[in-house]
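Chain A is the first sequence line, chain B the second, and so forth, proteins listed ahead of strands; every chain is numbered from 1.
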Amino acid sequence: MDFLTIIQVLDSTVRLATPLLLACLAGLFSERAGIFDIGLEGKMLAAAFFSAAIAAMTGSVWLGLLAGIAASLFLSGIHGLASITFRGNQLISGVAINFLAAGMTVLIAQSWFKQGGRTPSLMSEGRFNPIELPFAEALSDVPFLGPIYSELISGHSILVYVALAAVPATWWILFRTRFGLRLRAVGENPAAVDTAGVSVVGLRFAAVAICGVLCGIAGAYLATGLQAGFVKDMTAGRGFIALAALIFAKWRPWYALSACLLFGFLQAIALRYQNIDLGAFTVPVQVMDALPYILTVVILAGFVGKAVPPRAGGEPYVKER
Amino acid sequence: MEKMPAWADAVLVPIISLLLAAILSALVIVAIGEDPVAAVKLMVQGSLGSTYGWGYTLYYATNFMFTGLAVAVAFHARMFNIGGEGQAMLGGLGVAVVCLYMPWPHWSLALIFATLSAAAFGAAWAFLPAYLQAKRGSHIVITTIMFNFIAAALLNYLLVNVMRPKGSMDPATAKFPETTHLPTLHDILEPFGIAFSKAAPANVSLIVAIIACVAVYFLIWRTRLGYEIRAFGHSESGAKYAGISPVKITVVAMLISGGLAGMMAINNVMGEGERLIMNSTEGAGFIGIAVALMGRSHPFGVFLAAILFGFLYQGGAELALWTSIPRELIVVIQALVILFTGALDNMVRMPLEKLFLMFRKGDA
Amino acid sequence: EPAMIFDLGGKFDKSFNESAFAGAQRWAEETGGTFREIELQSEAQREQALRRFAEAGSNPIVMTGFAFGNVLAEVAPDYPDTKFAIIDMVVDQPNVRSVVFNEHEGSYLVGMMAAMASKSNTVGFIGGMDIPLIRKFACGYAQGVMAANADATVVANMTGTTPAAWNDPVKGSELTKAQISQGADVVYAAAGGTGVGVLQTAADEGILSIGVDSNQNYLHPGKVLTSMMKRVDNAVYQAMTDGPDMETGFNVMGIANGGIGYAMDENNASLVSADMQKMVDDAAAKISSGELMVHDYMSDDSCPALSF
Amino acid sequence: MNTAADISPAIELKGISKAFGPVQANKDISIRVMPGTIHGIIGENGAGKSTLMSILYGFYKADKGEIFISGKKTLIPDSQAAIAAGIGMVFQHFKLVENFTVLENIILGAEDGAMLRPSLAKARQSLTDLASEYGLDVDPDAIVENLSVGHQQRVEILKALYRQADILILDEPTGVLTPAEADQLFRILNRLREEGKTIILITHKLREIMDTTDTVSVMRRGEMTATVKTSETSPAGLAELMVGRKVLLQVDKVPATPKQTVLEVENLRVVDEKGVERVKGISLDVKAGEILGIAGVAGNGQSELLEVLGGITSGTGVIRVNGQDIDLTGNSSDGQSRRARGIAHVPEDRQREGLIMDFMAWENTAFGYHRDPAYQSGILMNNAAIRADTEGKMQRFDVRPPNPKLTAKNFSGGNQQKIVLAREIERNPDLLLIGQPTRGVDIGAIEFIHQQIVALRDQGKAILLVSVELDEIFALSDRIAVMFDGQLMGFRDPAKTDEKELGLMMAGVVEEEAA
Ligand SMILES: Nc1ncnc2c1ncn2[C@@H]1O[C@H](COP(=O)(O)OP(=O)(O)OP(=O)(O)O)[C@@H](O)[C@H]1O
Ligand SMILES: Nc1ncnc2c1ncn2[C@@H]1O[C@H](COP(=O)(O)OP(=O)(O)OP(=O)(O)O)[C@@H](O)[C@H]1O
Ligand SMILES: [Mg+2]
Ligand SMILES: [Mg+2]
C-alpha cells in the first residue's frame with residue numbers, strides 16, 4: 001500500500017468511525033448511569049430517517065439534524081419510561097426499540113415519499129458538506145504532513161469534528177463535574193445516590209436523554225453527512241458495533257475513541273477490498289465484517305483484560321428495605 | 001398473600017398488553033392514511049380465509065414455535081437468548097449438510113437426521129456464549145448478539161465461496177434431492193379426504209414443532225433437569241446450595257435453547273426452501289422473543305403466540321401485496337408487542353394490582 | 001390483470017427495477033389498466049410472492065432479476081395457465097418468457113465514451129454483486145475502453161458477493177473514492193441502488209460517472225457522462241401489452257432491436273462532443289450489423305480485456 | 001407556659017402509617033425525641049423499625065401521618081428534604097459507592113458547585129476537621145471497597161456530619177462490628193450527643209440499649225407499644241414488651257453424651273473469587289450427639305466454612321465424615337454428593353439459598369433432594385409423592401398455613417425457616433450444618449426451632465451451628481469455637497466462659513487459657 005492509499009483508507013476510517021463514536025458515547029452515558037441500551041441501532045436509524053426526511057422537505061440540514069435528535073429522544077423517552085419509570089427489562093425494551101425504528105421508518109417513509117421506504121436524495125444544502133480547514137489547500141503540497149492535513153484532517157463534515165470533540169467533552173463531564181460524579185454513582189449504586197438526596201430517576205433520565213441526543217447526531221450524520229438521504233435499514237448494524245466498541249472500551253471515553261477508530265478501520269478495509277491477499281492465504285471479506293464482533297467476544301471472554309460493566313447496570317432501581 | 005391471583009398475572013396482563021399493542025398498531029395504520037378495519041379484514045381474509053392462507057400462517061407459526069420455545073427455555077434459566085437468529089441460521093447449515101451430502105432413501109429418515117443435525121448445529125452455536133457466560137461471566141445478551149453477526153458472516157462466506165453450485169449466480173446451495181422433500185399439509189391431509197392448498201408451504205415440521213412444545217412442557221415442569229433449570233433461573237445462589245451446577249445448567253439450557261432455534265431450519269430450509277439461501281430465517285429468531293414474552297415462557301402460551309404471530313406475518317404479507325401498507329407494519333406490531341408484554345409489562349401490572357387490592361379490601 | 005414483482009433493490013433503485021417500473025407505468029397509462037406489484041424484502045419471499053399472484057389469477061406475471069430463476073422454474077409448472085416473464089435469466093418452461101439483454105454491447109459503447117472523456121487515461125468500473133452477469137458488463141466496458149484508447153487503464157471493483165451489494169450506497173461511495181485515488185476520472189456503476197452512492201460521490205468529487213439501466217443523467221446534471229440504457233422498461237411494457245396471450249420463449253434484446261443503447265439528453269449534452277457521439281454511433285451501427293462482435297463474458301466465463 | 005414545654009422535641013412523629021401491599025408495616029405510630037438525647041428503638045425482626053426510619057428519612061413515603069422537626073411541621077417527600085431538615089441516616093446496609101473514594105462518597109449529593117475539584121478540596125478540609133473533632137479518621141483517598149466494615153460505617157457517619165445533620169439515625173449499626181469497634185462507635189455517639197445532636201439508634205441488642213440510650217421505644221408488629229426512660233426499665237422488661245409475653249431466655253436440654261467423631265476438619269482453607277483467603281487453615285471435629293457452636297462477628301469466615309462443608313464452594317484441606325474423606329474440589333464436591341454422604345445443611349440465608357422463593361412449598365421440599373429415587377417415576381418427577389411428603393412435613397413442623405401449593409415467598413420468615421428445617425432434619429442426617437437458624441424469626445418460632453435442634457442432637461446426630469447471636473450460641477452449644485479473621489481462636493466450654501471472654505475472642509484477643 002502506498003502512502004496515498006493509506007491516507008485514503010484512514011480518511012475513510014475517520015468517516016466510518018464517526019457514527020460509531022457518537023453512538024458509542026451515547027451508550028457510554030446511558031450505561032454509565034446503569035441503563036443498558038441495546039437500542040442504539042434503532043435510535044440511530046430513526047434519527048437517520050427523520051433528519052433526511054426533514055432535510056429533504058425543508059432543504060435545511062440543520063432542521064434535519066434537529067428532527068433527527070428529536071426522533072432519537074422520543075425513543076429514548078420510551079426506553080426511559082420502560083426501564084426507569086416502570087422498571088421493565090432494559091434489554092427487552094432495547095430490542096423493542098430497534099424493531100420499532102426498523103418498522104416505523106419504512107412505514108413513514110413510504111407514507112410520506114412513496115419511494116419504497118427511502119427519502120429523496122438530498123441536494124447539497126440538505127447535507128452536511130465537507131468543510132475545508134484553513135490552509136488545507138495551501139499546505140497540501142508539503143510532503144508527508146501536507147496530505148495528512150489536507151486529506152485526512154481537513155475536509156470532513158462538521159459532525160465529524162463534533163464527534164471527535166465529544167470525546168474529551170464526555171471525559172470532562174464524567175470525571176470533572178458534579179453531574180458526572182452523580183451519573184457514575186447512579187450506575188454503580190443508585191441507593192447511595194438516592195439516600196444522598198439526589199433523584200435517581202432524574203439522573204437516569206438525563207443520561208438517557210444525552211444518549212438520545214448523541215444517537216440523534218449519529219443518525220443524522222449517516223443520512224445527511226455520510227450519505228445523501230435515507231435508505232431502509234441504513235444503520236446496518238452500526239448500533240451493535242458501537243455497543244461492541246463500548247465493551248471493548250470498557251466504558252471509558254478515550255478508549256471508546258480508539259475502539260471506534262479500530263472498528264472504523266476494519267470497515268474501511270472491508271469496504272475497499274473484497275478479499276485481502278496476505279500472500280500465504282487470503283482473508284475473505286466476511287472475516288473483516290465479522291472481526292469487530294469476534295474481537296468483542298474475545299474481550300468479553302476476559303482473555304484480554306476484563307471488561308467490567310457498571311455494577312448496577314441493567315437492574316431497575318427498586319428501593320429495598 | 002398474593003397481590004393478584006395467578007391467573008390474572010398469567011392471562012389478564014398479557015391480554016391487556018396485547019390489546020394496547022393492537023390499539024397503537026391501529027393508530028399507526030390510521031396515521032399512514034390507511035383504514036385499520038379494512039386492513040384487519042384483509043389480514044384475516046388473507047391468512048385465515050383459505051387453506052392457502054392457513055398454510056402460510058401455520059408455516060410461519062412453525063418457525064415461531066421453535067424460536068419461541070428456544071427463547072422460553074433460556075428464560076426459565078434466566079437467560080435472554082437473543083441469538084436465536086444466528087442459531088437458526090446455523091441450523092439451516094446443519095440441514096443443508098445432511099440433505100446435500102448424504103443419500104436418503106426416504107424423507108422420514110432424512111427428517112430425523114436433519115432435525116438432529118439442525119439441533120446440533122444450533123446448539124453448537126449457542127455453546128460458546130453459554131460457556132463464556134458460565135465460566136467467564138460474559139453477558140449472554142451481548143455475546144449472542146455478536147454471534148448473530150458472526151453467523152451471518154459465516155453463512156455468507158459458505159454460501160458464496162463453498163456451497164454455491166458451479167455456474168449459479170445466487171448465493172445459495174443446490175436444490176436438495178427429491179427424497180428429502182418433506183410432505184406438505186396438502187400431502188398429509190389428502191389421504192383423509194381433506195383438501196388443503198398445494199401451494200402453501202406448511203409441512204410436516206409443524207407436527208415436529210407441536211411435539212417440541214409438548215416435550216418442552218415435560219422437560220420444564222416434569223423432569224429433574226427442568227426442575228434444576230427453573231431453580232437456577234429463580235435463584236443462582238439457591239441452585240448452588242442445592243448442588244445444582246450453574247455452569248452445567250447454563251450450558252445445558254443454552255444448548256437446548258440453541259438446539260430448538262436450530263430445529264426451525266427443518267421448516268424453512270428443508271420444508272419450504274428445499275435449499276439453503278441467504279437470510280432464510282427472516283428474523284424468526286427475534287420474533288421468538290416476542291412469542292416467548294407473550295406466551296409467558298409456557299409452551300402452550302408459546303404455541304398460541306406463535307400462531308398469532310403466524311397470522312400477523314401472513315396477514316402482513318397480504319397487506320403488502322394488496323395495499324400500499326409496507327410489510328414493515330408487522331415489524332412495528334412485533335415491536336409494540338415486545339414493548340408492551342415485555343418491557344412495559346409493569347405499566348399494565350401495577351394498576352391492575354391496585355385494582356385487585358381494592359377489591360380485596362372491599363371484601364374484607 | 002398483470003402483476004409485477006421487483007427484486008430486492010426496490011422499484012425506486014433509480015436503476016434496474018425503476019426502469020421496469022417505468023415500463024409498467026407506461027403500460028398502465030396508455031391502456032388505463034392496473035397492475036399488481038410487490039417489492040421483495042427478503043430472499044425467502046420470492047416463492048410466496050409468485051404463488052400468491054398466480055393463485056390470485058394475475059396474468060402475466062413479470063419479474064425482474066436473475067434470482068427468480070430457481071424459484072420460477074419450480075413454480076411455473078404448478079400454474080400452467082399463467083404466463084410468466086423473467087428478465088435477466090433464462091427459465092426453460094413452456095409458460096415462461098425469458099428476456100435477456102446484450103449488456104456487453106451497451107457497456108462497450110459507454111466504455112468508448114469513458115475512454116474518450118478521460119483525461120487521466122484511467123477509468124473505473126463499479127459492479128454490484130459479483131456474478132457473471134455483472135462481469136459481462138465490466139468486460140464489455142473494458143473492451144470499449146480499449147477500443148477507444150489502447151493505453152487506458154480500467155480499475156474494476158465489485159461491491160460484494162451477496163444481494164446486499166445491490167443496495168449499499170455507502171460502499172459505492174467508498175469504492176468511488178478509492179478509484180479516484182487510483183486516478184480514475186470516469187466511473188461506470190453497474191450496481192443497482194449502490195450506483196446512487198457512486199454517482200453522488202463522483203459528482204461531489206468532480207469526476208464523471210456513467211449510469212446504468214435507466215437514464216440516470218438527470219441525477220446530477222452535467223456530471224453524468226451518459227447512461228447505459230438497458231430497456232427493461234420496454235421488455236416489461238411489451239410483456240404487459242401482450243397480456244395473457246404472451247408468446248413465451250427466449251428473447252434477446254440488443255442494440256440491433258433497440259433493447260440496449262446509451263442515453264443522450266440535455267443533461268449530458270455539454271459533456272459529449274460531436275466526435276465522441278459519432279464514434280460511438282458508428283460502433284453501434286457496426287454492432288447492429290454484426291460487423292463488430294463484442295465478447296460476451298458469459299459465453300465462456302472469460303474476458304480478453306480485463307482480468308478479475 | 002412552663003419552661004420544659006418550651007423546648008420542642010427534635011423529632012415528633014404523629015400517626016405514621018405505612019403499608020406495603022397487604023403488609024401493614026407501620027400502624028399509627030407516634031413518637032417524640034428530645035434534642036441532645038440518644039433514643040433507642042427495639043423490636044423483633046419485621047416489626048417495622050427500618051420502615052419507620054426510612055419514612056423519617058424520606059426514603060419511603062408514609063400513607064398517613066405528620067412529621068415535626070424542632071416543633072415545625074415538615075414535609076419529607078424525599079431524602080433531599082430530610083437532609084435539608086438536618087437528618088442524617090446510616091442504613092443497616094451501607095449506601096456507599098464501593099469503587100469511589102471516601103471523598104467522592106462524602107460529597108456525593110452535597111457538592112458545592114457544578115465543578116468537582118473545588119468541592120473535593122473543600123470536603124478534604126472539613127473531613128480533617130471532623131476527623132479530629134470526633135475521632136473519626138479515615139483515609140479520604142481510599143477506595144471504599146478496600147475499607148473494613150467499621151471504616152465504611154465511619155464514612156457513612158461522616159457523610160451525615162458533612163451534611164451538617166443534627167439528627168442522626170443509625171439502623172442496627174453494630175450487627176457487623178466487633179465488640180471493640182462497637183465500643184468505639186458508642187464513644188463517638190456520646191461525643192455527638194454532647195455536641196447537642198440527637199441520635200436514634202435501632203438495635204436488637206438489649207445491652208446496647210441499656211448502656212447508651214436515654215429513652216427507648218419498643219415496636220411490635222408495626223405498632224409502637226411503649227416508650228420509656230431507659231433508666232426506668234430492665235432487659236427482661238424490654239424483652240417482654242417486644243414479644244408481648246414472657247420470654248424463656250433459656251433452652252431446656254440435658255447434658256450432651258458425645259459418641260464417635262462424625263466430622264473431622266483439618267487445615268481447611270477457602271479462597272474467594274477475589275483471591276482473598278477467607279478461611280485460613282481451620283481444624284475441628286464434631287462428635288455424634290453434640291452441638292459445636294461457632295461464634296463470631298459476621299464476615300469472619302463462618303459463612304465460607306459452612307459453604308465449603310455444604311459443598312457450595314471449594315476449598316483445600318481435609319474433611320472427613322464418618323472417617324471417609326470428602327472431595328473438596330472435584331466434580332463430586334457439590335451439595336448433591338454431600339447430601340448423599342449424610343450431611344444436611346440449613347443455610348444462613350433461607351431466602352437466597354435455602355428456598356426458591358418463587359417455588360411452591362412442595363417444590364421446595366424436594367429442593368436439593370430432587371434426585372432422590374423416592375421422588376422419581378421413570379424419567380419424570382413424581383410430583384404427587386413430593387406433595388404428599390410435604391403435607392406430612394408441614395404438619396409435623398407446624399408450618400402455617402399448611403398449604404403445600406403456597407409459594408414460598410408468601411410464608412412469613414419463621415415459617416419459611418420451618419420448611420427448610422423440616423426438609424433437612426427429616427432426612428435423618430449424620431451431620432447437620434446449620435447457619436443462623438433463627439435470624440429474622442420471632443421468639444415463638446425460635447423456641448420451636450431450638451427444641452428441634454436439641455432433639456436431633458439427642459438422637460445422636462452431630463451438629464455444627466454457626467450463629468452471630470451469642471445468646472443462641474450459649475443456649476444451644478455443647479462446645480463453643482470462636483472464629484476471627486478466618487481462624488479459630490479457640491474452643492470453650494459454655495459453662496466455663498462468658499460473653500466478655502467470647503467478645504474479646506471475637507475481636508481477635510485470646511486471653512491465657514484458664515485451665
Ligand atoms: N419494600 C418493602 N416491600 C414490601 N414489604 C416490606 C418492604 N419493606 C419492609 N416490608 C415489610 O414491612 C414489615 C416491616 O419491615 P421493617 O424492615 O421495617 O422491619 P424491621 O423492624 O426493621 O426488621 P429488622 O429487625 O429485620 O430490620 C415487614 O413485614 C416487611 O416484610
Ligand atoms: N415483601 C413482601 N411481599 C409480600 N408479602 C410479604 C412481604 N413481606 C412479608 N409479607 C407477608 O406479610 C406477612 C408478615 O410477614 P413478616 O415477615 O413480617 O412476618 P412476621 O410477623 O415477622 O412472622 P415471622 O416471625 O414468622 O417472620 C407474611 O404473611 C408474609 O407473607
Ligand atoms: Mg430493619
Ligand atoms: Mg419476619
Pairs under 3.5 angstrom only: tabulate donor-acceptor contacts from the side chains of residues 77-98 of chain A to other protein residues two or more places apart or in another chain.
| residue | atom | partner | partner atom | Å |
| --- | --- | --- | --- | --- |
| His79(A) | ND1 | Ser93(A) | OG | 2.8 |
| His79(A) | NE2 | Phe36(A) | O | 3.0 |
| Ser83(A) | OG | His79(A) | O | 2.5 |
| Asn89(A) | OD1 | Leu91(A) | N | 2.8 |
| Asn89(A) | OD1 | Ile92(A) | N | 3.3 |
| Gln90(A) | OE1 | Phe36(A) | N | 2.7 |
| Gln90(A) | OE1 | Gly314(A) | N | 3.3 |
| Asn98(A) | OD1 | Gly42(A) | N | 2.8 |
| Asn98(A) | ND2 | Ile38(A) | O | 2.7 |

Enumerate, atom names and distances included, each donor-acceptor pair closer than 3.5 Å involving a side-chain atom of residues 179-187 of chain A, sequence neighbours excluded.
| residue | atom | partner | partner atom | Å |
| --- | --- | --- | --- | --- |
| Arg182(A) | NE | Glu111(D) | OE1 | 3.2 |
| Arg182(A) | NE | Glu111(D) | OE2 | 3.1 |
| Arg182(A) | NH2 | Glu111(D) | OE1 | 2.6 |
| Arg184(A) | NE | Leu174(A) | O | 2.9 |
| Arg184(A) | NH2 | Leu174(A) | O | 3.4 |

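Atom CD of Gln164(D) sits in a sparse spot, with 12 or fewer heavy atoms from other residues, nucleotides or ligands closer than 6.0 Å. A 6.0 Å sphere centred on CZ of Arg311(A) holds more than 12 heavy atoms belonging to other residues, nucleotides or ligands.
Counting heavy-atom pairs closer than 4.5 Å to chain D, the top residue among Ala196(A), Ala312(A), Gly197(A), Pro190(A) is Gly197(A). Of the listed residues (Leu120(D), Asn105(D), Asn99(D), Asp78(D)), the greatest number of heavy-atom pairs within a distance under 4.5 Å of chain A belongs to Asn99(D).
Atom CZ of Arg178(A) and atom CG of Asp112(D) lie 9.0 Å apart (nearest 0.5 Å). Atom-to-atom distance recorded for Thr195(A):OG1 and Phe94(D):CZ is 12.5 Å, nearest 0.5 angstrom. Note: Arg117(D) CZ to Phe175(A) CZ = 13.0 Å, rounded to the nearest 0.5 Å.
Interface residue Leu108(D): backbone and side-chain heavy atoms are both found under 4.5 Å from chain A.
In terms of heavy atoms, Glu188(A) sits closest to Val97(D) at CB-CG1, 3.5 Å.
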